[in-house]
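Below: one structure, written as structure tokens.
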Amino acid sequence: MDTLLQRLKNAKTSQELETIRVEALGKKGSITQKFSELKSLEGEAKKELAKTLNNLKMSFESIHQEKKTQLQTLELKAALEQEKIDVSLFVSNPHKTLGHPISYTKDRIIDYFTYLGYELCIGPLIEDDFHNFAALNLPEYHPARDMQDTFYFKDSMLLRTHTSPVQIRTMQTQVPPIKMICPGPTFRRDYDLTHTPMFHQVEGLVVDNGDKASFSNLKYTLEDFLRYMFGDVKVRFRSSFFPFTEPSAEVDISCVFCDGCGCRVCSQTGWLEILGCGVVDEYVFQAVGYKNVSGYAFGMGIERLAMLTCGVSDLRSFFETDLRVLEQF
Ligand code: PHE
């Protein structure tokens with residue numbers, strides 16, 4: 001029996017350890033078999049042997065457990081070492097990847113608008129009620145707040161549900177003319193095949209003195225932008241509603257998968273909804289103290305654009321941090 005304990009102590013892998021355990025305590029194991037000898041004994045002799053065997057079994061189990069933990073830790077460490085990604089390693093084809101589809105798409109959008117002279121702005125991810133809702137003509141109890149399932153902190157602080165609060169922050173700190181875009185993360189309590197609790201938007205805002213910024217400027221800009229993003233597509237403006245723009249529109253492009261004929265991706269409509277936009281509502285200008293100005297704004301989801309331009313069908317693959325996804329771009 002000493003050799004059994006000795007072998008246990010010397011085991012090098014958890015597999016070897018398991019073999020020894022089966023040899024000792026398995027159905028036909030040596031210790032198990034010794035236990036069956038008890039049946040043929042009686043009185044003191046039986047008591048003696050039972051005591052010896054129980055002690056043996058206990059020492060075996062305790063050494064086994066200790067050794068198992070020790071070996072498993074070592075094996076885990078070795079596995080982690082082996083699977084470790086060396087980010088500094090030279091890759092044979094460094095030009096193969098465009099980067100993460102979301103950063104790539106975001107950068108393309110930024111390139112387009114900064115080329116036209118738009119300023120790049122950022123704003124806080126943790127917002128207050130005023131900037132995220134009230135100043136955007138979404139007073140408390142406004143039913144449109146339900147459109148945006150919000151993550152709240154205490155004291156009316158929240159994770160911004162869109163990038164539109166950056167419109168307010170920009171107008172509060174600058175004077176017209178303003179031409180800005182704001183890309184960044186946004187948050188909503190939503191999780192299914194096509195929604196994740198964190199996603200990205202790009203906001204755009206143009207404000208000018210008098211009535212210089214018009215809906216037709218907005219229309220021209222967005223049509224040109226969408227052709228830059230998607231090539232030769234049809235663009236249509238559909239009347240819609242946002243509390244902070246009036247009139248408002250949603251913009252669709254002809255489906256890039258079926259050329260507008262109707263397929264599964266566009267739900268047989270031939271159109272894909274891409275962004276929301278409109279002429280800045282007078283109420284928003286009042287909230288930031290602007291007078292005699294005109295403006296337009298637009299907002300789009302980067303994930304949706306990335307899925308369409310990079311041909312990714314499952315939104316979740318953007319967030320699973322699997323390098324094999326990146327290698328395809
Ligand atoms: N903030 C709106 C949304 O998240 C998009 C939008 C921005 C619409 C600017 C109009 C103008 O859905």
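First listed ligand is number 1; within each ligand, the first listed atom is number 1. Residue numbers start at 1 and run along the sequence shown. Both backbone and side-chain heavy atoms feed into the values below; hydrogens, waters and symmetry mates do not. Everything numeric in this text was worked out from a predicted model, so none of it was measured.
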Glu18 and Arg21: salt bridge (Lys or Arg N to Asp or Glu O under 4.0 Å), yes or no, with the steps? CA-CA 5 Å; Glu18 179 60 8; Arg21 192 194 64 81; 3.0 Å; yes
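The aromatic rings of Phe241 and His142 lie parallel to each other, their planes meeting at an angle below 30°, with 60° marking the opposite boundary. Note on ring orientation: taking the six-membered ring where Trp is involved, the planes of His100 and Phe318 are tilted (angle from 30° to 60°).
Side-chain contact between Gln33 and Lys28: present, with at least one pair of heavy atoms (C-beta onward) separated by less than 4.5 Å.
Counting the atoms of ligand 1 from 1 in the order shown, those under 4.0 Å from a heavy atom of Phe244 are 1 (N), 2 (C), 6 (C), 7 (C), 8 (C), 9 (C), 10 (C), 11 (C). Less than 4.0 angstrom separates some heavy atom of Gln201 from each of these atoms of ligand 1: 3 (C), 4 (O). In the vicinity of Phe298, heavy-atom distances shorter than 4.0 Å reach the ligand 1 atoms 7 (C), 9 (C), 11 (C). The atoms of ligand 1 that sit less than 4.0 Å from any heavy atom of Ser164 are 1 (N), 7 (C).
Considering Arg188, Met300, Gln167, Glu203 only, the shortest heavy-atom separation from atom 3 (C) of ligand 1 involves Arg188. For atom 5 (C) of ligand 1, the candidate residues are Gly278, Pro165, Ala249, Gly299; the nearest heavy-atom contact is made by Gly299.
If you look at Ser248 next to ligand 1, there are no close heavy atoms at all, none under 4.0 Å.
Ser267 and Thr269 share no donor-acceptor pair across their side chains, judged by distance under 3.5 Å alone.
Tyr115 has its ring centre no less than 6.0 Å from the ring centre of Tyr228.
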